[in-house]
Amino acid sequence: MSRVMMFPSRTVAVYMGRLFMTRTFSILAALVLVLQALDLLSESGNILAFAGNGDAQVWHYVSLRAPQIIAFALPFSVLLGTILTLITMNQNSEIIALKASGLSAHQVLAPLLIASLLVAIVSFSFNDRVVSRATATLTQWQKVNYGKMPIDRGDRANVWVRDGDDLIQVEQIRGRAAATRLGGITLYDRAGGNLVSIVRAPHGKRVANGWEIGPATRFDVASGNLSQIGTVVVGRDVRPDQFTLATVDADSLSFGALKAAIADLADAGRPTKALEGSLWHKLSGPLSSVLMPLLGAVAAFGIARSGKLFIRAVIGMGLGFAYFVADNFALAMGNLGAYPPFLAAWAPFLLFFLIGEAVLFRTEE
């Protein structure tokens with residue numbers, strides 16, 4: 001009984017995979033070099049505007065910005081690498097030779113699909129381990145206008161929370177949920193918009209009916225007296241997530257950290273739809289590399305001397321760029337709540353997968 005082999009020739013598979021990888025990462029290097037240079041031209045003035053900054057800070061910015069640019073340019077590089085590889089093989093009649101040997105269009109593209117899947121795995125790991133950390137650091141650095149950054153030990157610092165008319169400032173927060181610990185608490189007790197007293201305490205923890213802080217001191221604004229009040233419960237309506245999850249930047253968190261943040265927000269009854277869409281997109285985004293050989297396959301088939309090879313390449317690029325437009329549009333609609341999170345992240349991928357398959361089947365006919 002005969003069976004259909006995905007890779008009838010190991011030599012051809014390795015040859016096509018190497019050709020695809022070489023062109024993809026060469027294009028990626030060129031794109032990153034150009035985009036990084038343009039970005040540096042616009043930001044170097046802001047970096048050097050801070051007193052004491054010099055070449056070291058500029059190169060530090062490059063080290064933080066480059067991972068973001070790589071993550072942005074990689075899917076485009078896979079698309080252009082696919083089209084360039086297939087055009088070259090078509091011009092050299094290699095595609096015709098493979099088809100003449102009995103290979104289907106899917107078998108011709110199989111080495112590129114497997115190579116692009118490896119690229120997707122590398123892309124996910126790179127985004128999760130490198131890009132998220134670089135984004136978090138760069139965001140903090142930009143908040144201080146490229147000045148000296150405080151040491152980041154994974155804790156939140158200088159958080160303000162409103163409790164009715166009162167304001168609570170916490171210098172440092174550790175832990176999550178019921179295990180949240182506060183350090184350096186200042187409560188501004190207000191009535192009718194007027195400051196009544198200021199309560200300060202070095203430590204605080206979560207209790208059943210609020211936040212227990214102590215040993216506390218109270219400064220009465222009217223009399224000017226400072227008194228010791230020991231342990232006191234404040235912020236009875238303040239939830240732990242208001243301290244620990246005041247803002248969640250999906251781009252600055254890894255897949256696991258974002259998933260945990262979404263769970264905490266859901267437990268607190270806060271909306272999570274936009275973050276759920278970003279969580280799904282951390283998977284669908286890297287997998288877009290697998291789509292590129294399908295969308296660019298229109299450049300592979302058809303006789304090169306027919307004069308339509310350039311048109312086929314343009315169609316392939318058009319399909320690829322249309323996917324990126326649709327992907328960004330769906331994600332934006334998901335952030336606005338117009339699309340469900342799963343649909344916002346995966347609908348463009350599934351739609352263009354079907355389009356790619358339809359084009360491929362039409363080509364084989």
Side-chain angles (χ1 to χ4, degrees), residues 1-28 73-124 284 286-324 326-327 348-365:
M1 181 178 178
S2 62
R3 60 190 181 92
V4 177
M5 297 179 63
M6 184 59 71
F7 301 117
S9 172
R10 181 178 180 275
T11 302
V12 172
V14 172
Y15 166 73
M16 292 184 64
R18 184 172 64 247
L19 204 63
F20 166 74
M21 287 290 196
T22 302
R23 280 158 173 71
T24 295
F25 285 102
S26 296
I27 294 172
L28 177 64
L74 184 56
F76 297 95
S77 301
V78 174
L79 173 63
L80 297 176
T82 297
I83 293 174
L84 185 59
T85 299
L86 296 178
I87 285 178
T88 302
M89 294 184 67
N90 198 344
Q91 286 180 325
N92 296 333
S93 299
E94 292 170 307
I95 298 294
I96 295 176
L98 293 175
K99 293 282 288 181
S101 66
L103 296 186
S104 67
H106 285 87
Q107 286 177 308
V108 172
L109 290 180
L112 301 190
L113 292 172
I114 296 300
S116 61
L117 180 60
L118 295 177
V119 172
I121 294 172
V122 171
S123 176
F124 173 80
S284 65
L287 275 178
S288 65
S289 297
V290 182
L291 281 180
M292 298 305 113
L294 286 176
L295 299 180
V298 67
F301 305 103
I303 301 174
R305 60 177 176 270
S306 66
K308 297 182 180 180
L309 186 58
F310 177 75
I311 297 177
R312 288 175 172 272
V314 171
I315 293 173
M317 286 189 287
L319 287 173
F321 284 107
Y323 165 76
F324 295 122
D327 184 55
F349 180 90
L350 297 175
L351 173 63
F352 278 83
F353 174 79
L354 294 176
I355 292 175
E357 285 291 335
V359 172
L360 203 58
F361 280 117
R362 183 74 180 95
T363 301
E364 283 197 284
E365 292 179 0

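For the numbers below, each heavy atom of this structure counts, side chains included, while hydrogens, waters and symmetry mates do not.
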Asks: If you look at every heavy atom in A326 and F352, which pair is closest and at what distance?
Replies: CB-CE1, 3.8 Å
Asks: Atom OG1 in T24, atom CG in L79: separation rounded to 0.5 Å?
Replies: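 The OG1 atom of T24 sits 9.5 Å away from the CG atom of L79.
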Asks: Atom CG in L295, atom CZ in F324: separation rounded to 0.5 Å?
Replies: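 Taking CG in L295 and CZ in F324, the distance rounds to 8.5 Å.
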Asks: Please find the pair of heavy atoms, one from T85 and one from R23, that lie closest to each other, and give the distance.
Replies: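 Looks like OG1-CD, 3.3 Å.
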Asks: Could you check whether F321 and F76 have their ring centres less than 6.0 Å apart?
Replies: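 When the ring centroids of F76 and F321 are compared, they turn out to be within the sub-6.0 Å range.
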Asks: Is the closest side-chain heavy-atom distance between L80 and L84 below 4.5 Å?
Replies: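 With C-beta onward as the side chain, the pair stays apart.
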Asks: Is any side-chain heavy atom of V108 closer than 4.5 Å to a side-chain heavy atom of M89?
Replies: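 Heavy-atom side-chain distance check fails, nothing below 4.5 Å.
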Asks: If we check side chain to side chain contact (heavy atoms under 4.5 Å, CB included) with S116, which of these qualifies: P111, P293, P75?
Replies: P293
Asks: Grab the two heavy atoms, one from L28 and one from S77, that are nearest each other, plus how far apart they are.
Replies: CA-OG, 3.2 Å
Asks: Is any side-chain heavy atom of L113 closer than 4.5 Å to one of L294?
Replies: yes
Asks: Quick check: closest heavy atoms across M16 and L112, and the distance to 0.1 Å?
Replies: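 Nearest pair, atom of M16 first, then L112: O-CD2, 3.7 Å.
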Asks: Give me the atom names and distance for the closest heavy-atom approach of G296 to I83.
Replies: CA-CG1, 4.1 Å
Asks: Between T22 and L19 (side chain of the first, backbone of the second, donor and acceptor by atom type, cut-off under 3.5 Å), is there such a pair?
Replies: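 Not a single qualifying donor-acceptor pair exists.
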Asks: Without swapping roles, check the side chain of D327 against the backbone of Y323 for a donor-acceptor pair under 3.5 Å.
Replies: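 Between the backbone of Y323 and the side chain of D327 there is no qualifying donor-acceptor contact (under 3.5 Å).
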Asks: I want to check something: taking the side chain as every heavy atom from C-beta on, are L86 and F20 in contact at a cut-off of under 4.5 Å?
Replies: no
Asks: Taking atom CZ of F124 as the centre, report whether more than 12 heavy atoms of other residues, nucleotides or ligands fall under 6.0 Å from it.
Replies: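 Count over threshold, so yes.
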